[in-house]
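What follows is a set of notes on a single structure, which appears directly below.
Note that the structure is predicted; figures quoted are calculated from it, not measured. Lettering of chains follows the sequences in order, A, B, ..., and the numbering in each one begins at 1.
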Protein chains: 2
Amino acid sequence: MQTAPKKASPRKRDTYHVGNLAPQLLDAARRLLDEEGPGKLSLRAVSERVGVSPTAAYHHFASRGELLAHLAAQGFRELSQVLADDREDGGPLLQVCLAYFRFARGNPAIYQLMFGAEFVSGETLPALAEARDEAFGRLERIIADELALPRDASEVRAAALASWSYIHGLASLMIHGVIQVPDAVGDERLVELTLGGLQRVFRGT
Amino acid sequence: MQTAPKKASPRKRDTYHVGNLAPQLLDAARRLLDEEGPGKLSLRAVSERVGVSPTAAYHHFASRGELLAHLAAQGFRELSQVLADDREDGGPLLQVCLAYFRFARGNPAIYQLMFGAEFVSGETLPALAEARDEAFGRLERIIADELALPRDASEVRAAALASWSYIHGLASLMIHGVIQVPDAVGDERLVELTLGGLQRVFRGT
DNA sequence: GAAGAATCTTGACAGTGATAAGTTATGCTC
DNA sequence: GAGCATAACTTATCACTGTCAAGATTCTTC
């Protein structure tokens, strides 16, 4: 099982490579995504990295989109984990937004994929919707705790959706280079600043 | 120079010179984008729609990306217009968020392009950055008016960036199908609900 | 009119996702 | 173990994409 040539020689295929290919493909895709960014993520590149023929993936995924969807689902699971972990001291909202933002900043390619339009249009993979819903549910619970009084479920939902919109918007603008945060500012400061901005907006009203 | 056949027949190339090709290409691309969505927006499809050879665009745009960038810039100019127009009665913030959201809802493909990662990475077209900055500047001025007291410029900027993050995040989540707003709710209601949610969050803190 | 530049076309190349048909390994049944 | 059905993987190929190079056409300027 350990032939694993770093880079499959393009000359001749020596082994057939039966094995659990799907997770290997996902791993390779994830690494390729982090290293080269999306756009470089072709099935051929992924397959070559694993050392397998360009069309081998089709025996495990219906299409390129489905592979990407699995990747995105994995991203949502990681995000859920992050949101669950970083809930310690300080204002819960600030903490959670910071953790969210750091995840996006640290994994821009995956984040882009998670919320990109590559496959989201049309019907999505059930596992993806599930992972996404779970991440949002976690956020929702945190927001529910944040709100002082016990509230209507729909109110909690609206507040969570609004918070999600804000932090996702900030992350999206940052990732796509729309806002270039000067290095002197830093991520934490950016989140603090904008949260303070929101606070000021809603005090003034 | 008004030969200008409305729609070139795709069968045979009868004339050589079309005239001012660049705007025609942009127009065709815009319509194709609205009708078929991104992903269907290939240079070949655009060229064929204008009735011109597949590579004609390269005499007016350096690459496909540059054409898309011009399209995005146009989108930002439209958005600026929308933000300037819909500033009448009611709370300015709600009005402006509504206008913004309606624009995104009404032009999902262009909006996706404006904030997508297709070309934003790397150096962007100056005209695009300019149009984007102008749209944000407009938002910034609106937010400045919204805030009661005269404020520090950086505070205004932070508040505007936060507001932008929120409404962009909401639009992005909607466009990518992450949140499916039930038809019974409607756009206005969604914006109202989430704005109310934010208010509640920042009151409770 | 002719020269030269701008504009547009044809032809080609490398790369992409995807399908179809053939090849090899795995596992099941006796 | 032998035989065979099936899953896993490969090769060959297709249609499509962005892009470049070189040729054909039109416009401009003298």
| query | Looking only at heavy atoms, what is the nearest atom pair of Val96(B) and Leu83(B), with distance? | reply |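 Answer, listing the atom of Val96(B) first, then Leu83(B): O-CD2, 4.0 Å.
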| request: Could you tell me which non-hydrogen atom of Ser80(A) sits nearest to which non-hydrogen atom of Ala131(A), and how far apart they are? | output: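 Residues Ser80(A) and Ala131(A), closest heavy atoms: OG-O, 4.3 Å.
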| Would you say a side-chain N or O of Ser42(B) is under 4.0 Å from OP1 or OP2 of dT17(D)? | yes
| said: Would you say His60(A) places a side-chain N or O within less than 4.0 Å of OP1 or OP2 belonging to dC9(D)? | reply: yes
| query | Is there a donor on the side chain of Arg44(A) or the base of dG15(C) sitting less than 3.5 Å from an acceptor on the other? | reply | no
| Counting only distance, no hydrogens or angles, is the base of dT11(D) paired donor-acceptor with the side chain of Thr55(A) under 3.5 Å? |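 Checked by distance alone, the answer is yes.
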| note | Between His59(B) and Ser63(B), the residue closer to the 5' end of DNA chain D by nearest nucleotide is Ser63(B)
| task | Between dG18(D), dC8(C), dA18(C), spot the one nearest the side chain of Leu43(B), thanks. | result |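 Closest nucleotide among those given: dG18(D).
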Using whole Å, report how far [atom1] of [X] lies from [atom2] of [N].
| X | N | atom1 | atom2 | answer |
| --- | --- | --- | --- | --- |
| Tyr58(B) | dG18(D) | OH | P | 7 Å |
| Leu41(B) | dG18(D) | CG | C1' | 13 Å |
| Arg64(A) | dT19(C) | CZ | P | 14 Å |
| Glu48(B) | dT9(C) | CD | P | 13 Å |
| Lys40(B) | dG17(C) | NZ | P | 16 Å |
| Leu68(B) | dT17(D) | CG | P | 14 Å |
| Leu67(B) | dT19(D) | CG | P | 10 Å |
| Phe61(A) | dA18(C) | CZ | P | 13 Å |

| task | By nearest nucleotide on DNA chain C, pick out whichever of Ala45(A) and Ala62(A) is the more 5' one. | result | Ala45(A)
| request: Ignoring hydrogens and angles, state whether a donor on the side chain of Ser63(B) or Tyr58(B) is under 3.5 Å from an acceptor on the partner side chain. | output: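 No.
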| message | Please tell me whether Asn107(B) and Arg102(B) have a donor and an acceptor in their side chains that are separated by less than 3.5 angstrom. | response |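 No pair is found: no donor N or O on one side chain lies under 3.5 Å from an acceptor on the other.
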| task | Tell me whether the centres of the aromatic rings in Phe76(A) and Tyr111(A) are closer together than 6.0 Å. | result |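 No, ring centres 6.0 Å or more apart.
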